[in-house]
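Worksheet: the structure to be examined is printed underneath.
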Amino acid sequence: MQVDSKARKDYLSWDEYFMAVAKLSAMRSKDPHTQVGACIVSNDNRILSIGYNGAPNGFNDEKFPWGREGNPLETKYLYVVHAERNAILNYRGSRKDLENSKIYVDKTMLISEMNQNLNTEHQNICVSRPRRFGKSMTANMLVAYYSKGCDSKNMFADYKIAQDESFEANLNKYNVLHVNMLDFLNRAQTVDGMIDYLQKRLLWDIRREYGDVDCFDREDLIDVLENIYSQKKQKFIIIIDEWDCIFRKYPGDDEAQKKYLDFLCLWMKDKPYIALAYMTGILPIKKYGEHSALNMFDEYSMTNQRELAEFTGFTEEEVQSLCVSYGMPYDRMKQWYDGYDLKGVQIYNPRSVVMSLLGHDFDSYWTKTETYEALKKYIQMDMYHLKALITQLISGSRIRINPDKFQNDMSTFASVDDVFTLLVHLGYLTYDFENKTVSIPNQEVQKEFINCIEDGGWEPVMDAIRNSETLLQATIDGKEEYVAEMIEQVHQENISILKYNDENSMSCVLSLAYYAARKDYVMYRELAVGKGFADIVFVPRKFRDVPAIVVELKWDKSSDAAIAQIKKKQYMQSLKDYHGQVILAGINYDSTDSTKDDYKRHSCSIEKINL
């Protein structure tokens, strides 16, 4: 009897093994709609914990509802815990082992979204996101799934996509042309050279697979692809990364941009040999007037990611789980890196979250792009009154814009709407789709705006920011006259930028004056509460030993009247989950002209109560 003395070669890889454990764990879930498993693994490939979606350990999930619609108390959402969090809650080892471990979570259903578009009128897709938001990783995943040159069944076998009805039908069934346009542009240096080199390289690859196909012109990419489809009945998938590099590298070269767009249009528009075209970059597709230059594409951008929102970056649930895993405070992670609201889906900057977890700190890991550096000059030049508008954004204001007129390039700016829309696509602003407004998303990006304005005529704004901590402490200490004097100073120094004309503009100046409060507080402006709207409410962040603050503003009345309104309209109800000291601050602005040298337009009243 012969005994095989060599090790078996067809064993599971560690990743496949751990995903199989996660998949097996999912089968324990009693959720009739969704079953998800999670497996936490150490760096030396030890299983630390497992979990699945359901009630936490110790609860009888037979007694909880599993519905998804109706009265919230009768649905699963108040009781079910995500698989990742249950895995963390189930862990009984040391924190040291849990830190820096790997968490396996299945998110391959993006492939299912793409499969639904194959060979349909929606087969052309352009996804634009800021840098460091995982564009290239997504493109590589799609290549691995679709390419005939890969055998990736085992790679995806333990992921959700393997259970999708479209999985087997499309797995490794297509010829994939995967192109990183920036690589080709860097090699050629000109658009003409890039297009020529790109076609030669693709033709070289295609000939190795289809050398037997008869073509009229073997040097013409489109003719070759059409003949392959005609003779072999095989379609192609085209995946293009950094599709917009031309517009960023040659922002003012209209001729070069047009040549490039004409080439893409000729290559991909209405071509029977294409099953799916997927492009990704920072900018959406270039427009001419109101029309897209490549109007056959469905677009997903930072102004509307539609059904792909959850795949744009890290979701709130993922970050919550990571914070527990790495022993990091979630409220600070949210403060620093959240803020991208994609039609109700909260998205975090993936790179910044990862860097924060690995470094165990909170800082700006933002990577400036050449696009932002080019835009910075417009801000410094105060085009379209950008100085006042940027100051309002820094103070926490939301500004209404119309993103639809933006031409999606780096040189056509007809209004402030175009500038701010570009900043949305770069990730420096977030866009509220429902209210059509932009705002600064988080503290990381806020820090970049501060860096931008530190020089070049922004000294009054910077002075207000530097003195804001002193103003905050004076408010907490109840120093009414000193607070009024400091607000007077901020107003006088910034009157050329932020003009007073009503309580709303006054609120903007006050928000700037209290800039430092954001470190320890969540600030709300025009908060609906009680019997009206509280002008500014400062709610302490978790684990901060500071009092809550409610600020009411008045115009040509009195600071005492402001305090009275806080009480009458019960604005303290905004602090229903807070227990401790509350500072009530009433601030009035007197717009009456006066010839007195020592006349003070601002007055302040402060009271302290306990909840």
Side-chain angles (χ1 to χ4, degrees), residues 56 78 81-82 84-89 91 93-101 103 314-341 346-349 352-365 396 440-447 450 465 468-478 511 514-525 527 529 534 536-551 571-585 608-611:
L78 294 179
V81 175
H82 288 282
E84 308 94 302
R85 180 166 291 184
N86 266 331
I88 293 167
L89 293 172
Y91 180 64
S94 70
R95 172 176 164 177
K96 182 178 180 181
D97 279 341
L98 193 59
E99 291 178 356
N100 300 319
S101 59
I103 298 181
F314 285 176
T315 65
E316 199 162 36
E317 293 79 9
E318 290 164 351
V319 174
Q320 286 175 343
S321 296
L322 287 169
C323 285
V324 174
S325 175
Y326 282 79
M328 299 282 281
Y330 171 69
D331 65 313
R332 291 199 66 195
M333 190 71 74
K334 183 177 180 67
Q335 176 185 355
W336 270 89
Y337 309 119
D338 185 21
Y340 298 98
D341 187 346
Q346 291 296 315
I347 294 297
Y348 291 65
N349 181 328
S352 298
V353 170
V354 168
M355 295 298 291
S356 174
L357 293 171
L358 294 177
H360 228 69
D361 59 11
F362 297 97
D363 201 353
S364 177
Y365 296 103
I440 297 176
N442 52 50
Q443 188 166 328
E444 180 184 42
V445 180
Q446 185 96 5
K447 189 174 180 180
I450 298 299
I465 291 172
S468 59
E469 196 162 344
T470 302
L471 174 62
L472 176 62
Q473 190 58 53
T475 304
I476 293 173
D477 293 341
S511 299
Y514 282 102
Y515 179 86
R518 300 166 197 223
K519 181 177 68 174
D520 294 323
Y521 293 91
V522 179
M523 184 180 73
Y524 299 96
R525 288 172 57 178
L527 182 64
V529 63
I536 308 176
V537 178
F538 297 95
V539 180
R541 297 184 184 275
K542 287 183 179 180
F543 312 116
R544 303 297 206 281
D545 187 19
V546 291
I549 304 173
V550 180
V551 179
Y571 291 159
M572 285 82 75
Q573 287 184 12
S574 61
L575 305 167
K576 60 181 179 180
D577 296 323
Y578 170 80
H579 301 283
Q581 190 178 70
V582 181
I583 308 295
L584 309 182
K608 299 180 181 181
I609 63 172
N610 287 293
L611 289 182

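Scope of the values below: all heavy atoms of this structure, side chains included, with no hydrogens, waters or symmetry mates.
- Between the side chain of Gln335 and the main chain of Arg518, a donor-acceptor pair closer than 3.5 Å is present.
- By the side-chain contact (heavy atoms from CB on, under 4.5 Å) test, Val546 is found to be paired with Asp520, Tyr521, Pro540, Arg544, residues two or more places apart in sequence or in another chain being considered.
- At least one side-chain heavy atom of Ile609 sits less than 4.5 Å from a side-chain heavy atom of Met572.
- In this structure the side chain of Phe314 reaches within 4.5 angstrom of the side chain of Val354, judged on heavy atoms.
- In this structure a side-chain-to-backbone donor-acceptor pair under 3.5 Å is present from Tyr578 to Ala548.
- Side-chain contact between Tyr340 and Asn442 is present, with at least one heavy-atom pair separated by less than 4.5 Å.
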Between Leu472 and Ile549, does the side chain to side chain contact (heavy atoms under 4.5 Å, CB included) criterion hold? Intermediate values first, please. CA-CA 10 Å; Leu472 176 62; Ile549 304 173; 3.7 Å; yes
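- Put simply, CZ on Phe362 and CE on Met355 are 14.0 Å apart, with the number rounded to the nearest 0.5 Å.
- Open room surrounds CG on Asp545; 12 or fewer heavy atoms of other groups in view lie less than 6.0 Å from it.
- You'll find the side chain of Pro547 reaches within 4.5 Å of the side chain of Ile476, heavy atoms only.
- To the nearest 0.5 angstrom, Glu469 atom CD is 13.5 Å from Tyr514 atom OH.
- Within the 4.5 Å cutoff, side-chain heavy atoms of Asp363 are placed close to those of Lys447.
- Interatomic distance, CD of Gln346 versus OG1 of Thr315, reported as 10.5 Å (0.5 Å rounding).
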For this session: Assess whether side chain to side chain contact (heavy atoms under 4.5 Å, CB included) is satisfied between Val445 and Asn349, documenting all intermediate values.
Result: CA-CA 10 Å; Val445 180; Asn349 181 328; over 6 Å; no
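- With sequence neighbours left out, Asp338 forms a salt bridge (Lys or Arg N to Asp or Glu O under 4.0 Å) with Lys334.
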Could you walk me through whether Tyr515 and Met523 pass the side chain to side chain contact (heavy atoms under 4.5 Å, CB included) check?
CA-CA 10 Å; Tyr515 179 86; Met523 184 180 73; over 6 Å; no
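- Between the side chain of Glu444 and the backbone N or O of Tyr365 there is at least one donor-acceptor pair closer than 3.5 Å.
- With rounding to the nearest 0.5 Å, the separation of CD1 in Ile536 from OH in Tyr524 is 14.0 Å.
- Under a 3.5 Å cut-off, the side chain of Ser356 and the backbone N or O of Ser352 do not form any donor-acceptor pair.
- Once rounded to the nearest 0.5 Å, the distance linking CG of Asp331 with CZ of Phe543 reads 7.0 Å.
- Closest of all the heavy-atom pairs between Gly396 and Arg525 is C-NH1, 3.8 Å.
- Between the CE atom in Met333 and the CD atom in Glu316 there is a gap of 12.5 Å [rounded to 0.5 Å].
- With a 6.0 Å radius and a threshold of 12 heavy atoms from other residues, nucleotides or ligands, Gln581 has its CD atom above the threshold.
- Within the 4.5 Å cutoff, no side-chain heavy atoms of Val537 are placed close to those of Val551.
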